[in-house]
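One-based numbering, in listed order, for ligands and for the atoms of each.
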Amino acid sequence: MRTADNRLADYTTLRLGGPARDFVRATTEEELIAAVKLADKAGQPVLILGGGSNLVVADDGFDGTVIQIATKGVSAGREPGEVTVAAGEDWDAVVAWTIAEGLAGLECLSGIPGLAGATPIQNVGAYGQEVSQTVTSVRTYDRLTGKTSIMPNEACGFAYRTSVFKRDNERRHVVLAVTFTLAAAALSMPVGYAELAAALGVQIGDQVASTTVRSAVLELRRRKGMVIDADDPDTRSAGSFFVNPVLDAAEMTAVEAAARARCGEGTRVPRFDAGDGLFKVPAAWLIERAGFGQGYSLGDGARISSKHTLALVNPGSASTAGLIALARQVRDGVREAFGVSLTPEPVLVGVTL
Ligand SMILES: Cc1cc2nc3c(=O)[nH]c(=O)nc-3n(C[C@H](O)[C@H](O)[C@H](O)COP(=O)(O)OP(=O)(O)OC[C@H]3O[C@@H](n4cnc5c(N)ncnc54)[C@H](O)[C@@H]3O)c2cc1C
């Protein structure tokens with residue numbers, strides 16, 4: 001179905017983005033594939049739109065066809081704990097449903113906005129879980145071959161906040177459905193994140209009721225403005241704007257030296273072991289120490305969230321250009337202070353950083 005309502009600000013959680021040339025809402029897989037085929041045949045650029053929670057769209061909009069995913073369906077598979085979810089299902093509703101069904105493995109991903117089909121794109125993760133741990137396969141429409149295909153987990157190239165789907169600039173695959181294999185258990189998977197364990201009053205590795213984990217995660221997220229709330233301007237964001245940088249030992253030593261010079265001799269840069277001799281450093285720590293605190297603004301609307309340094313928000317009057325100018329200032333400030341180049345987490349459409 002084609003609609004005249006095509007201002008992308010109405011479809012992004014940042015509430016930013018100009019018009020699309022064409023806008024199609026696909027409620028069935030057939031409609032979705034037909035819309036993609038039609039646009040591809042006409043040589044029109046295509047933007048697949050989920051919940052718009054990881055998108056920064058130019059003020060000029062998108063000069064092509066936006067295809068909004070609105071397919072529905074959740075079904076149990078043949079294997080125990082196997083669940084297949086249509087791309088258009090609301091992600092948090094899926095998480096809540098799996099917990100109610102006594103299935104564990106997604107509980108820490110409660111409260112993440114957007115649709116199920118987008119979760120493999122950047123391998124969504126939070127509080128010690130990533131979808132790559134439970135995705136069995138992803139069914140896609142392959143724009144190159146014009147056929148549907150089932151990509152097993154190993155073919156998805158999952159890594160920290162990325163996958164083959166996100167790395168592929170041509171956007172070859174349209175996700176139609178995602179199959180997860182979850183544990184049939186009322187208890188959560190072992191808690192693997194210190195902040196969550198502290199909130200639950202348990203040790204790392206402990207298991208508690210999945211419903212309890214979900215409540216704790218939602219509470220932690222709300223405090224950080226990470227659960228969409230129409231009454232909270234700090235939630236008008238695309239989530240974390242920058243990916244936490246992953247540094248090798250030499251880069252880590254250089255950051256530590258810069259941090260001591262800037263913040264005092266006793267300064268210790270927080271880090272998480274990322275395996276293979278690599279360290280993940282919280283981007284929020286670098287941003288704050290580079291001089292950009294919560295609420296920081298260039299004065300034209302866009303600002304850093306007052307609850308979470310990593311989120312850039314549009315409290316109401318910002319433009320995409322203003323948001324990007326702020327992001328550039330933050331990125332350049334961190335590079336100058338620590339020699340670390342932050343990369344954006346959201347998908348940028350018609351704009352560059
Ligand atoms: C308040 C807030 C908190 C957040 N917290 C987290 C978090 O904790 N962890 C985390 O990982 N992310 C987080 N995010 C980011 C975001 O919610 C996720 O990346 C989410 O999976 C995006 O889903 P979406 O449906 O909104 O995708 P969209 O923003 O609509 O699209 C994102 C990208 O995926 C592509 N895409 C979407 N659906 C499909 C499909 N079916 N097939 C092919 N391509 C597709 C789009 O073209 C685009 O390139 C947060 C965002 C917000 C606003």
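- For atom 42 (N) of ligand 1, the closest heavy atom belonging to the protein is V175 N, 2.8 Å.
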Practice item. Walk me through it: do H308 and S240 pass the test side-chain contact (heavy atoms from CB on, under 4.5 Å)? Key: CA-CA 9 Å; H308 189 31; S240 300; 4.3 Å; yes
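- G51 N, 3.3 Å is the protein heavy atom nearest to atom 24 (P) of ligand 1.
- In A238, the part holding a heavy atom less than 4.0 Å from any atom of ligand 1 is the backbone.
- Using a 4.0 Å cut-off between charged nitrogen and carboxylate oxygen, R214 and E219 do not count as a salt-bridge pair.
- At least one heavy atom of R161 lies less than 4.0 angstrom from ligand 1.
- Residue, atom and distance of the protein heavy atom nearest to atom 47 (O) of ligand 1 are I48 O, 2.6 Å.
- Proximity of P113 to ligand 1, defined as any heavy-atom pair under 4.0 Å, is shared by backbone and side chain alike.
- The shortest contact between atom 15 (C) of ligand 1 and any protein heavy atom is with N54 OD1, 3.6 Å.
- Looking at L115 against ligand 1, both its backbone and its side chain come within 4.0 Å, counting heavy atoms.
- For R335 and S341, the side-chain atoms include at least one donor-acceptor pair closer than 3.5 Å.
- The nearest protein atom to atom 26 (O) of ligand 1, hydrogens excluded, is given as S53 OG, 2.6 Å; this is a heavy-atom distance.
- Nearest protein neighbour of atom 21 (O) of ligand 1, counting heavy atoms only, is V124 CG1, 3.2 Å.
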Practice item. Starting from the C-alpha separation in whole Å, work towards a yes-or-no answer on side-chain contact (heavy atoms from CB on, under 4.5 Å) for D232 and K307. Key: CA-CA 11 Å; D232 181 354; K307 299 189 181 74; 2.9 Å; yes
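- For atom 37 (C) of ligand 1, the nearest protein heavy atom (residue, atom name, distance) is A118 CB, 3.7 Å.
- Proximity to V174 (heavy-atom distance under 4.0 Å) selects the following atoms of ligand 1: 42 (N), 43 (C).
- In the vicinity of S237, heavy-atom distances shorter than 4.0 Å reach the ligand 1 atoms 1 (C), 53 (C).
- In this structure, atom 19 (O) of ligand 1 lies nearest to the protein heavy atom Q122 NE2, 2.9 Å.
- Looking at L55 against ligand 1, both its backbone and its side chain come within 4.0 Å, counting heavy atoms.
- Ligand 1 has an N or O atom lying under 3.5 Å from an N or O atom of R221, backbone or side chain.
- Checking only distances, M226 never comes within under 3.5 Å of ligand 1, N or O to N or O.
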